[in-house]
Every structure is written in C-alpha cells, then in structure tokens.
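Scroll down for the structure; my scribbles are underneath it.
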Amino acid sequence: MPELPEVESARAVIEAGALDREIADLDDSDTWVCRPHSPGEIRDALIGRRLTAALRRGKSMWCETSSDGPVLGIHLGMSGRIVVTDGSGSPVEGGDRVRGTAATSPGRDPAWDRFTVRFADGGELRLFDKRRLGRVRLDPDLSRLGPDAAEVGVADFRERVGRGTAPVKARLLDQSVLAGVGNLLADETLWQASLDPRRRVDTLDHDTLTALHGALKKATRAAIRRGGVHTGEVIEHRSPGGHCPRCGAPMQRATVGGRTTWFCSEEQG
DNA sequence: AACAATGTTCAGTC
DNA sequence: GGACTGAACATTGT
C-alpha cells in the first residue's frame, strides 16, 4: 500500500519507536531485498550502532546512524510495511492514524519478514513485504528524486509538471519530477481536479496547473490524516461497474503511464 | 490458468 | 542527450 502517506506513517513509527536503541543483531540475508549488498554487509556496518533519525522524501525513507555510521535506506516497494516492536514484542503504534496493519495481525507469516533489525532490549524493526519488491540498502542514492509531493511549492510544481509532452498522469508518477505520488494518489488527485489523466501536460495552462497543485496537496494531506491513499473519495469506485461519486457517470478504465487508470467518463473527459 | 497488483528500473524507440 | 513507453523484476491474490 505504500505511497507517500503510507511511507510517512512508517517513518513516524520508526521515529517514535526505533531510535536510540542499540542494534544487537540484524538479518540481511535476503539478497534480493538487500541487493547489491552481500549477506552480512549491512549487519557488520550497523551492529553496535543506533538509529538516530528517520527521514523521508517521497516514497523513500532513510535512517541516520550513530558514530558517523552509514545511512540505512528503506523502500517499501509495492507491498512493504514497517513493524517496530518493544522489548516485550508488542508492536509500537507510533504512526497513530494508520489502522489495520496486516503486518501485525495474528495471521502474518514470518517468512514475509525480509529484513530485521534486532535491538539489545529484545525489540525489533522489521520490513514485512509479501511481494518482495521492497529494498534496503546502505547509503542510498536519492539524487534523482524530485521534491517531496507534500512539500513542493506551486511555482516549482507548475514548472516541473508542465514541462514536456507526456500525459499528465505519467508526469505525476515520475519520481524525478515529484517524489511520492503513486497510482492511487494520482487517480485521486486528477479526479479531485476534474482532469483527464491522458491529457498532455503541454496543453495545461497556468491556472489549471495551479489548481492541480492544490488538489495534490489536499489529497495528500487528507490521505496522511485519514490513514492511507485508499481513503481517497474516488478510490473505492475504481472497479468495473463503478460510478463517479460526484456525478454518477460510469468510471472509465485505461492504461496511462503504464498503469491501470480509472477516471470519470463525464467530468474528466 | 491467466491476469492484475498501492513500485522501480532498464532496454529500446523516437 | 532528453523524453517517453513498455517489459521485466518477485510474489501473492483473485
């Protein structure tokens, strides 16, 4: 489920529960998730240190470590979640507003823990990820990320999103343009702005881009506040037979920017 | 069985 | 080189 709002919640969980605890052991044996590191490389670099800060930009997050240690980069991929437990094994719910995490439910399979940091007090920080597209690495390269979608200013937004000829949705999904917008947040934002996802950005005027910026900010903040992108107004109507919750017209499906896209056949035409 | 899935990356084509 | 598209990646769920 991770788009910017979910990653922000995960970051908050780490910040609330995983900082300043001595790292006693670490499981980095999943060579796919931890590529290009070899097994033990991350462990050797972090044992004895502490995480000192949890930061985020777009869907990427990272932790600074004590004693000038390396940065620990974590990306949740398509299905990753962060679980932090205290010394007694109880999950830390520092993320507050986020509800119902499959990662902490009784039925979770430990085989889906792809990366685990064990603290000296017995608690853990785990990356739980069924689909295994999440990623952990030391000193990640974040240089190609655009500004965070929740922070970008309107002038910067217009300049970046309005450049080029791609469909507007593809532009919103490009992490080097803006960092943090995923498939659902893009659909929600474009629906809120009543914009056709297929519309080329070079046909958008100044005011339309300004309005789109406002819709993105609003949709992103609402998703963080309400606990995830799936709480967007149009999201539950993204299915065959779905109707626009505003005007009742049928929702239409297309592929834009390589992703399944749903939009109102009337208002976003 | 076939296909889609909330993400990123890389090869290939203008 | 830049911009853009589509397939591949690993795995699960429908």
Side-chain angles (χ1 to χ4, degrees), chain A residues 1-10 29-36 56-61 73-82 98-103 105 107-115 127-137 140-146 149 159-191 197-202 216 219-220 222-224 226-240 242 253-262:
Chain A
M1 351 272 291
E3 296 187 30
L4 188 155
E6 286 79 9
V7 179
E8 172 53 26
S9 297
S29 57
D30 189 316
T31 55
W32 174 255
V33 168
C34 297
R35 71 190 184 286
R56 178 192 65 76
R57 182 165 183 187
K59 305 171 199 169
S60 294
M61 59 185 159
I74 303 176
H75 197 294
L76 300 179
M78 192 94 94
S79 62
R81 307 180 188 218
I82 292 294
V98 171
R99 46 55 170 324
T101 65
S105 67
R108 67 179 276 291
D109 185 340
W112 289 326
D113 286 338
R114 310 297 185 182
F115 175 81
L127 170 63
F128 173 88
D129 180 14
K130 290 188 179 183
R131 287 176 193 153
R132 216 168 165 226
L133 288 171
R135 189 153 184 194
V136 175
R137 62 163 309 170
D141 176 18
L142 306 167
S143 65
R144 285 175 305 243
L145 288 181
E159 145 72 14
R160 290 174 161 273
V161 176
R163 189 162 47 205
T165 60
V168 60
K169 180 175 177 181
R171 210 72 193 132
L172 290 176
L173 289 174
D174 186 335
Q175 303 298 298
S176 68
V177 173
L178 292 180
V181 181
N183 199 31
L184 297 187
L185 187 54
D187 276 6
E188 174 71 12
T189 296
L190 290 163
W191 178 79
R198 303 164 296 183
R199 179 116 169 247
R200 286 168 44 146
V201 290
D202 53 340
L216 173 62
T220 305
I224 291 176
R226 297 160 66 176
V229 287
H230 59 281
T231 62
E233 288 182 62
V234 82
I235 303 305
E236 60 183 304
H237 306 281
R238 294 172 83 261
S239 57
R253 184 195 147 124
T255 297
V256 184
R259 310 301 304 276
T260 297
T261 301
W262 291 88

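A note on names: the letters A, B, ... follow the listed sequences, proteins ahead of strands, and every chain is numbered from 1.
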Counting only side-chain N and O atoms of [X], is one of them less than 4.0 Å from OP1 or OP2 of [N]?
{"X": "A:Arg131", "N": "C:dG13", "result": "no"}
{"X": "A:Lys130", "N": "C:dT12", "result": "no"}
{"X": "A:Lys59", "N": "B:dT8", "result": "yes"}
{"X": "A:His230", "N": "B:dT6", "result": "no"}

A:Ile74 CD1 to A:Arg135 CZ distance, which is reported to the nearest 0.5 Å: 13.5 Å

Pairwise distance CG(A:Leu133) to CG(A:Leu76) - rounded to 0.5 angstrom: 11.5 Å

Any strand: nucleotide that pairs with B:dT6 via Watson-Crick or wobble, under 3.5 Å: none

Counter-base of C:dA10, judged by Watson-Crick or G-U geometry with both distances under 3.5 Å: none

Name the nucleic acid region contacted by [X], choosing base, sugar-phosphate or nothing; use a 4.0 angstrom heavy-atom cut-off, strictly under.
{"X": "A:Arg35", "answer": "nothing"}
{"X": "A:Arg259", "answer": "base"}
{"X": "A:Ser79", "answer": "nothing"}
{"X": "A:Gly258", "answer": "nothing"}

Whole angstroms only, please: what is the [atom1]-[atom2] distance between [X] and [N]?
{"X": "A:Met78", "N": "B:dT9", "atom1": "CE", "atom2": "C1'", "result": "13 Å"}
{"X": "A:Arg144", "N": "C:dG2", "atom1": "CZ", "atom2": "P", "result": "13 Å"}
{"X": "A:Glu3", "N": "B:dT6", "atom1": "CD", "atom2": "P", "result": "8 Å"}
{"X": "A:Arg163", "N": "C:dG1", "atom1": "CZ", "atom2": "C1'", "result": "15 Å"}
{"X": "A:Leu127", "N": "B:dG7", "atom1": "CG", "atom2": "P", "result": "16 Å"}
{"X": "A:Asn183", "N": "B:dA4", "atom1": "CG", "atom2": "C1'", "result": "11 Å"}
{"X": "A:Phe128", "N": "C:dT12", "atom1": "CZ", "atom2": "C1'", "result": "11 Å"}
{"X": "A:Asp129", "N": "C:dG13", "atom1": "CG", "atom2": "P", "result": "12 Å"}

Which of the following nucleotides, [options], is nearest to the side chain of [X]?
{"X": "A:Trp112", "options": "C:dT12, B:dT8, C:dA3", "answer": "C:dT12"}
{"X": "A:Arg114", "options": "B:dG7, C:dC4, C:dT11", "answer": "C:dT11"}
{"X": "A:Leu133", "options": "B:dT6, C:dA10, C:dT5", "answer": "C:dA10"}
{"X": "A:Trp32", "options": "C:dC4, B:dA4, C:dA10", "answer": "C:dA10"}
{"X": "A:Ala166", "options": "B:dT6, C:dT5, B:dG7", "answer": "C:dT5"}

Closest approach of A:Pro197 to A:Pro167 (non-hydrogen atoms, all atoms of both residues): O-CB, 3.6 Å

Which atom of A:Thr260 lies closest to which atom of A:Asn183, heavy atoms considered: O-ND2, 3.0 Å

Residue closer to the 5' end of DNA chain B, A:Arg253 versus A:Gly77 (nearest nucleotide): A:Arg253

Same-atom distance (C1') from C:dC4 to B:dT6, integer angstrom: 23 Å

Rounded distance in Å between the P positions of C:dA10 and B:dA11: 15 Å

NZ/NE/NH1/NH2 to OD/OE distance under 4.0 Å, A:Lys169 and A:Asp187: yes

Verdict with supporting geometry, A:Leu190 and A:Leu172, side-chain contact (heavy atoms from CB on, under 4.5 Å): CA-CA 10 Å; A:Leu190 290 163; A:Leu172 290 176; 4.0 Å; yes

